[in-house]
Amino acid sequence: MASNLVKMIKNKYKDYLYIELMPDEKKNVNFYQKLGFNIVKEGTPMQLCNPETMKVKL
């Protein structure tokens with residue numbers, strides 16, 4: 001179950017100051033909130049994509 005995986009990650013990194021994540025879809029926010037995550041009020045999610053890895057090789 002997905003919640004068990006998140007719990008394992010939280011346990012593994014329990015001594016870290018922060019555990020941050022960025023759900024791909026807003027519909028998943030409630031799932032993470034139920035597991036104790038909070039929406040960050042300040043900050044902007046950012047991403048760096050390597051377009052070379054997205055090319056389809058036929």
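Since the structure is predicted, the reported quantities are computational estimates derived from the model, not experimental observations.
If you take CG on Leu35 and CD1 on Ile19, they are separated by 11.5 Å, rounding to the nearest 0.5 Å. Distance check, rounded to the nearest 0.5 Å: CE of Met22 to CD of Gln47 gives 5.0 Å.
Residues meeting the side-chain contact (heavy atoms from CB on, under 4.5 Å) test with Ile39, sequence neighbours left out: Val29, Gln33. With sequence neighbours left out, Met1 forms a side-chain contact (heavy atoms from CB on, under 4.5 Å) with Ser3, Asn4. Partners of Glu20 according to the side-chain contact (heavy atoms from CB on, under 4.5 Å) rule, which considers only residues two or more places apart in sequence or in another chain, are Tyr18.
Taking 4.5 Å as the limit, every side-chain heavy atom of Tyr32 sits out of range of all side-chain heavy atoms of Asn38.
Environment of CE in Met8: sparse, with no more than 12 heavy atoms of neighbouring residues, nucleotides or ligands closer than 6.0 Å. Other residues, nucleotides and ligands contribute over 12 non-hydrogen atoms within 6.0 Å of the CG atom of Asn50.
A continuous path of ILVMFWY side-chain contacts below 4.5 Å connects Leu21 to Tyr13, so both sit in one hydrophobic cluster. Residue Ile9 is grouped with residue Tyr16 when hydrophobic side chains (ILVMFWY) are merged at heavy-atom distances under 4.5 angstrom, including chains of intermediate members.
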